[in-house]
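Presented below is the structure to which this report refers.
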Amino acid sequence: MKTRLTALLKQSMGTLQKQGALPIDLAVNIKLEHTRDNSHGDFACNLAMVLAKPTKRNPREIAQLLIDNLDSDVNIEKVEIADPGFINFFLNPLSQHQVVSTILEKGEAFGKSKLGTGKKVQVEFVSANPTGPLHVGHGRGAAYGATVSNLLGAIGYEVHREYYVNDAGRQMDILATSVWLRYLESCDVQLVFPSNGYKGDYILSIASDIKATHGDLFCSNAQDVFENVPADEPGGGDKEQHIDALIARAKSILSDANYRLIFDAALNSILGDIRTDLEDFGVHYDDWFSERSLMDSGAITKAIDRLKASGHMYEKEGAWWFKSTDFGDEKDRVVIRDSGQTTYFASDIAYHLHTLERGYDIIDVWGADHHGYVPRVRAALQAMGADPSRLKVLLVQFAVLYKNGEKMQMSTRSGEFVTLRTLREKVGSDAARYFYVMRKAEQHMDFDLDLACSESNDNPLYYVQYAHARVCSVMKQLAEKKMSYTPSIGLENLARLTEQQELDLIDSLNRYPEKLSQAALNYEPHQLSYYLRDLANNFHSYYNSHQFLVDDAALCSARLALINACKQVLQNGLKLLGVNAPESM
RNA sequence: GCGCUCGUAGCUCAGUUGGAUAGAGUAUCGGCCUCCGAAGCCGAAGGUCGUGGGUUCGACUCCCGCCGAGCGCGCCA
């Protein structure tokens, strides 16, 4: 309907241009919108006001001309001009009713579109370092990334969901060393655990698993382990130097193979845990991409060579730098350290290049603390000759946690955090998913744990699910009362739906496809959750003011057709949000 | 200090990319179950859209200056 009206307006404008009433060379973009207030009709257009300036004429006058030259359409009941020059379209109410039959016919496909057909996009999200379990902070990225992926899929994109596994680098060495030290403790070795090591309980359990399968194989004495290791911070030393020295001791005491064994045991245990955690949260990936595999495959060398060939690399103080300032970054970045090791940034460049070469545009969902990282990645892509617009970075703000009215600091290192699993066990996956995507991603979010856990019934999700369950309940009543519902009869009698609540509900249903594509194109799942809330509200109002199961069989079927259409749309929307639509609750 | 994100009802947040009288939830107050589920509905009250300028037919939205919050500014990842 919207495109129809736009076409009519364009046509009218064209006619006026031919007549010479309007200049030919007008480049205006017609904006036709659903009205906020239905006293303004169903659609409103600002065309006349936009035209007022270039033509130097009164907008109302132009509006009248446009209306006079508008072709008639059975669906348009009347057209009005309103201050300061809006053209308001009032549609024939019955023309909107058709959506009920469209919904019942298309089912779960209703609302989907082909806007993104032929486009391949990779959404990379969560990608937390496998150094500990996911906490509630990661949950937001997980829910957001998964929903954005679903939305893009619904409008026709070919979506590839990926988790980039940081299974290389210093953090992982610290993790492996932490595990080994805990293992040594379990072998009754007396030692002081490094202040910069990972202290969570899960480290203990990984260590004891290793002990259970390998016995004393990796044992060593404390004297040996701490030989020539500089003091830790509490001992007046530097905690970074201390832990680095311990890593070196671990590698030297254990053989390469044994160090790798402990390293992999830690990695696999934690990553496995993250995987099942996300699965349980309804978040599924097409691929778990290993950073280490980039090193092994030579992809990093290849990417660096490409940067060198582009002339944007230089050597300074023994390291190789990428001249990202050529592309607007604040400072140049090291890619190869003076030690010869490549940096995390080098891996990331290779990873992005690799993804583009696989034919995907890239959407990275990152925590807002990484925003300073965006320019250098984009710069690297540009230097390698890639179109930087193929990379879109979506930043998700942190959720600030409150417990007992106090702000909580979370740290994986210290082992002090609330896990995503704990949250899920308390409020359920559905409520958590919905809660996370209710706010738009850039908003700083206050997350009151006590409220989320104790009063989970207040979660607005239940309001939406309840509407769905109510429709199901009505259909059960129908059977119990031995009444009948014939969809075809209902669809033939849609004209009987003339109550205000019915018109409102139908209006709401008509807006779903547009809302969906808007939410998808803007990467804004919260738009969908707000829509569903609104749809549910229209349904509940209807439910409270009219009886569906009435004796008039034609009217009854028409009403049931309407609420079943409503149920379908609720179901479609909730599915995209990764939330169940229960038949009873 | 520089950069990014943000500031809207007591609280938590929307605001259709510049449109009409700034909206929801929650909390508060008042109504609604002989009736398909009251996890619901209807109503009241609640605002200097951080602040001061600017751009125009029109600004919560765009530009500039302040105030305030969070984050970032490693040869960490």
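The sequence lines fix the lettering, A, B, ..., with proteins before strands; numbering per chain opens at 1.
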Short side-chain N/O contact from [X] to OP1 or OP2 of [N], under 4.0 Å:
X	N	result
Q477(A)	rG37(B)	yes
K440(A)	rG15(B)	yes
H546(A)	rC35(B)	no
N537(A)	rC41(B)	yes
T343(A)	rC76(B)	no
Q443(A)	rG70(B)	no
R170(A)	rC75(B)	no
R60(A)	rC57(B)	no
Q397(A)	rC4(B)	no
K331(A)	rC2(B)	no
Y531(A)	rA24(B)	no

Please classify the nucleic acid contact of [X] as base, sugar-phosphate, or nothing, using heavy-atom distances under 4.0 Å.
X	answer
Q547(A)	base
A467(A)	nothing
N88(A)	base
D369(A)	sugar-phosphate
F345(A)	nothing

Quote, to the nearest angstrom, the [atom1] distance that separates [N] from [M].
N	M	atom1	value
rA24(B)	rA45(B)	P	13 Å
rU5(B)	rG50(B)	C1'	16 Å
rC64(B)	rU55(B)	C1'	11 Å
rC11(B)	rG54(B)	P	30 Å
rG47(B)	rC4(B)	P	34 Å
rG19(B)	rA59(B)	P	11 Å
rU48(B)	rG23(B)	P	15 Å
rG46(B)	rC36(B)	P	37 Å

Item to check | Residue whose nearest RNA chain B nucleotide is more 5′ - Y466(A) or H370(A) | outcome: Y466(A)
Checklist outcome for this item: Of S541(A) and N166(A), the one whose closest nucleotide on RNA chain B sits nearer the 5' end is S541(A)
Checklist outcome for this item: The single option from E240(A), H242(A), E233(A) that satisfies side chain to side chain donor-acceptor pair (under 3.5 Å) with N196(A) is E240(A)
Checklist entry - rA20(B) base stacked by F86(A)? Criteria: ring centres under 5.5 Å, plane angle under 30°. => result yes
Next on the checklist: Is H40(A) stacked against the base of rA20(B), taking the criterion as centroid distance under 5.5 angstrom and interplanar angle under 30°?
Outcome noted: yes
Measuring centre to centre across the rings, with the benzene-like ring taken for any Trp, is [X] within less than 6.0 Å of [Y]?
X	Y	value
Y373(A)	W366(A)	yes
F289(A)	Y351(A)	yes
Y144(A)	Y523(A)	no
H312(A)	F327(A)	yes

For atom [atom1] of [X] and atom [atom2] of [N], their distance in whole Å:
X	N	atom1	atom2	answer
H526(A)	rU17(B)	NE2	C1'	12 Å
M49(A)	rA59(B)	CE	P	13 Å
Q527(A)	rG15(B)	CD	P	6 Å
H34(A)	rG15(B)	NE2	P	17 Å
I304(A)	rC75(B)	CD1	P	16 Å
L505(A)	rG40(B)	CG	P	18 Å
D244(A)	rG74(B)	CG	P	18 Å
Q171(A)	rA77(B)	CD	C1'	6 Å

Out of [options], which has the shortest distance to the side chain of [X]?
X	options	value
E33(A)	rA38(B), rU17(B), rC41(B)	rU17(B)
W321(A)	rC75(B), rG37(B), rC35(B)	rC75(B)
M585(A)	rA39(B), rG3(B), rU17(B)	rA39(B)
S473(A)	rC73(B), rC36(B), rC42(B)	rC36(B)
Y530(A)	rA77(B), rC13(B), rC75(B)	rC13(B)
E442(A)	rG15(B), rC6(B), rG37(B)	rC6(B)
R376(A)	rC42(B), rG15(B), rA77(B)	rA77(B)
R533(A)	rA39(B), rA24(B), rC13(B)	rA24(B)
S584(A)	rG37(B), rC41(B), rC75(B)	rG37(B)
A44(A)	rA20(B), rG3(B), rC36(B)	rA20(B)

Checklist outcome for this item: Only one of T343(A), I304(A), D332(A), V335(A) passes side chain to side chain contact (heavy atoms under 4.5 Å, CB included) with F322(A), and that residue is V335(A)
Main chain of [Y], side chain of [X]: is a donor-acceptor contact present, judged purely on distance under 3.5 Å?
X	Y	answer
S557(A)	A554(A)	no
S178(A)	I174(A)	yes
N510(A)	Q96(A)	yes

Checklist entry - Are a donor atom and an acceptor atom from the side chains of S517(A) and E514(A) found within less than 3.5 Å of each other? => result no
Next on the checklist: Distance criterion of 3.5 Å, no angle test: do you see the side chain of N46(A) paired donor-to-acceptor with the base of rA20(B)?
Outcome noted: no
Checklist entry - Is any N or O donor-acceptor pair between the side chain of H371(A) and the base of rG3(B) shorter than 3.5 Å? => result yes
Checklist outcome for this item: The glycosidic conformation of rC6(B), counting syn as within 90° of 0 and anti otherwise, is anti
Checklist entry - Glycosidic conformation of rU17(B), syn or anti, with 90° from 0 as the boundary? => result syn
